[in-house]
Q: 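Before I ask anything, here is the structure I am working with.
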Amino acid sequence: YTKYDFEKNKRIILFHFDEKWNFYNHSFIEIKNFILNLHNNGCALIITNGIIENKYESQLKEEFNFQNTDIDENVHISSKHKNILFLDNLNLEKLFSIVKYSNLVITPHGSLTHIASLYDKNLIDLIPSKRINFYSKWQSPNKNSTQFEIKDLKGITEIASKYLKA
């Protein structure tokens, strides 16, 4: 991952920012501050997206001034914030690879949840509180995994900090 201009020995957070975020009424400012708070853990932050663009994505790309790289057309580096990357439209093989090198995966419940489980990664599996019983049957058996309310951005940040200090 150092070829993407990360500082060496940085811990990596993978934040999956897919279309499931459209179902929640976060303001863009809340999303932006959430991302900056994750980044303030002293980590490299990799943001991935889903097949369908979410309602915040174009504003996020503009706000963070993500620039294309000559390394890969899917890799965009923030010119405003060192160690924040946006990986656009990755295929499954690349997603597996990014998860493998991540120290923490934060994602709405979906395929990335299960991939992180396979690699026994620290995982914050984001779910809606009204469906907690439904999702509990697919909770990762890994001790370093938690299901958490997707609406509580502050709580997610606090859990992320705990995982990264462990």
Side-chain angles (χ1 to χ4, degrees), residues 1-24 26 31 34-35 38-39 41 43-64 66-78 81 83-128 131-132 134-151 153 156-157 159-160 163-164:
Y1 59 86
T2 55
K3 73 178 181 178
Y4 297 131
D5 197 32
F6 284 163
E7 293 175 20
K8 291 185 191 241
N9 302 319
K10 285 266 182 201
R11 300 192 70 161
I12 298 173
I13 297 175
L14 170 55
F15 170 55
H16 193 59
F17 196 48
D18 66 4
E19 67 280 358
K20 293 178 189 119
W21 286 91
N22 289 342
F23 301 122
Y24 305 96
H26 301 296
I31 294 291
F34 170 67
I35 289 170
L38 288 176
H39 181 248
N41 278 304
C43 296
L45 179 63
I46 297 175
I47 303 168
T48 57
N49 60 356
I51 295 170
I52 300 168
E53 185 173 310
N54 72 43
K55 63 186 177 184
Y56 309 100
E57 194 171 309
S58 59
Q59 195 173 356
L60 180 78
K61 288 177 179 177
E62 185 178 315
E63 175 69 29
F64 283 77
F66 286 110
Q67 303 292 312
N68 292 340
T69 65
D70 55 4
I71 300 164
D72 186 321
E73 71 277 3
N74 301 96
V75 178
H76 310 278
I77 297 175
S78 173
H81 304 281
N83 298 312
I84 299 181
L85 293 181
F86 189 91
L87 304 185
D88 196 17
N89 210 8
L90 296 182
N91 63 34
L92 204 51
E93 181 182 344
K94 286 183 180 177
L95 261 179
F96 267 88
S97 180
I98 297 301
V99 169
K100 181 179 178 183
Y101 290 104
S102 297
N103 300 98
L104 172 63
V105 177
I106 302 171
T107 180
H109 189 88
S111 59
L112 214 51
T113 304
H114 303 289
I115 294 168
S117 255
L118 287 172
Y119 284 110
D120 197 27
K121 292 295 176 179
N122 292 322
L123 169 65
I124 302 174
D125 181 17
L126 303 175
I127 59 171
R131 308 273 327 259
I132 196 162
F134 175 76
Y135 285 109
S136 66
K137 58 186 151 208
W138 286 295
Q139 190 166 4
S140 171
N142 301 345
K143 67 181 182 321
N144 50 342
S145 160
T146 189
Q147 288 186 324
F148 198 79
E149 167 61 49
I150 193 167
K151 290 181 186 177
L153 299 179
I156 297 166
T157 305
I159 292 171
Y163 276 127
L164 294 167

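Values reported hereafter were calculated over all heavy atoms of this structure, with side chains retained and with hydrogens, waters and symmetry mates removed.
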Q: Please examine the side chains of Asn49 and Asn54, heavy atoms only from C-beta on, and report whether any two atoms are closer than 4.5 Å.
A: no
Q: Do Asn122 and Asn103 have side-chain atoms, one donor and one acceptor, less than 3.5 Å apart?
A: no
Q: Quick one: pull up CD1 in Ile127 and CZ in Phe148 and give me the separation to the nearest 0.5 Å.
A: 10.0 Å
Q: If I take atom OG from residue Ser145 and atom CG from residue Leu104, how far apart are they, to the nearest 0.5 angstrom?
A: 10.5 Å
Q: What I'd like to find out is whether the side chain of Leu14 reaches to under 4.5 Å of the side chain of Tyr101, using heavy atoms alone.
A: no
Q: Determine the minimum heavy-atom distance between Ile124 and Ala160, stating which atoms define it.
A: CD1-N, 3.7 Å
Q: When rounded to the nearest 0.5 angstrom, what distance separates CD1 in Ile106 from CG in Leu112?
A: 11.0 Å
Q: Do any N or O atoms from the side chain of Asn89 and from the backbone of Asn74 form a donor-acceptor pair under 3.5 angstrom?
A: no
Q: Phe86 vs His76 aromatic rings, parallel, tilted or perpendicular, using cut-offs 30° and 60°?
A: tilted
Q: Does Ser78 use its side chain to pair, donor to acceptor, with the backbone of Phe64 at less than 3.5 Å?
A: yes
Q: So which atom in Tyr163 and which in Leu123 form the shortest heavy-atom distance, rounded to 0.1 Å?
A: OH-O, 3.7 Å
Q: If every non-hydrogen atom of Thr48 is compared with every non-hydrogen atom of Leu90, which pair is closest and at what distance?
A: CG2-CD1, 4.0 Å
Q: Would you say Gln59 and Ile31 make side-chain contact, with heavy atoms under 4.5 Å?
A: no
Q: If I compare all heavy atoms of Ile52 with all of Glu19, which pair ends up nearest, and what's the gap?
A: O-OE1, 3.4 Å
Q: When you measure from the side chain of Thr157 to the backbone N and O of Leu153, does any donor-acceptor pair fall under 3.5 Å?
A: yes
Q: For Ile156 and Glu149, which heavy atoms make the closest approach, and how far apart are they?
A: CD1-O, 3.9 Å
Q: What distance separates Leu126 CG from Thr146 OG1, expressed to the nearest 0.5 Å?
A: 9.5 Å
Q: OG of Ser117 to CG of Asn144: how many Å apart, nearest 0.5 Å?
A: 8.5 Å
Q: Do Phe23 and Ile150 make a side-chain contact, defined as non-hydrogen atoms from C-beta onward lying under 4.5 Å apart?
A: no
Q: What I'd like to find out is whether the side chain of Tyr56 reaches to under 4.5 Å of the side chain of His26, using heavy atoms alone.
A: yes
Q: Do the rings of His39 and His81 sit parallel, tilted or perpendicular, given the 30° and 60° boundaries?
A: perpendicular
Q: Side-chain contact test, heavy atoms from C-beta onward, threshold under 4.5 Å: evaluate it for Pro108 versus Trp21 and give yes or no.
A: yes
Q: Would you sort out whether Ile77 and Gln67 count as a side chain to side chain contact (heavy atoms under 4.5 Å, CB included), showing the intermediate values?
A: CA-CA 5 Å; Ile77 297 175; Gln67 303 292 312; 5.5 Å; no
Q: Is the distance between the ring centroids of His109 and His114 less than 6.0 Å?
A: yes
Q: Got Glu57 and Ile47 here, is their nearest side-chain heavy-atom distance under 4.5 Å?
A: no
Q: Do Val99 and Lys121 touch side chain to side chain, with heavy atoms closer than 4.5 Å?
A: yes
Q: Check whether any side-chain N or O of Thr107 sits under 3.5 Å from a backbone N or O of His16 as a donor-acceptor pair, and report yes or no.
A: no
Q: At what distance, to the nearest 0.5 angstrom, does CZ of Phe66 lie from CG of Leu85?
A: 7.5 Å
Q: A quick test of your reading: do over 12 heavy atoms of other residues, nucleotides or ligands sit less than 6.0 Å from NZ of Lys151?
A: no
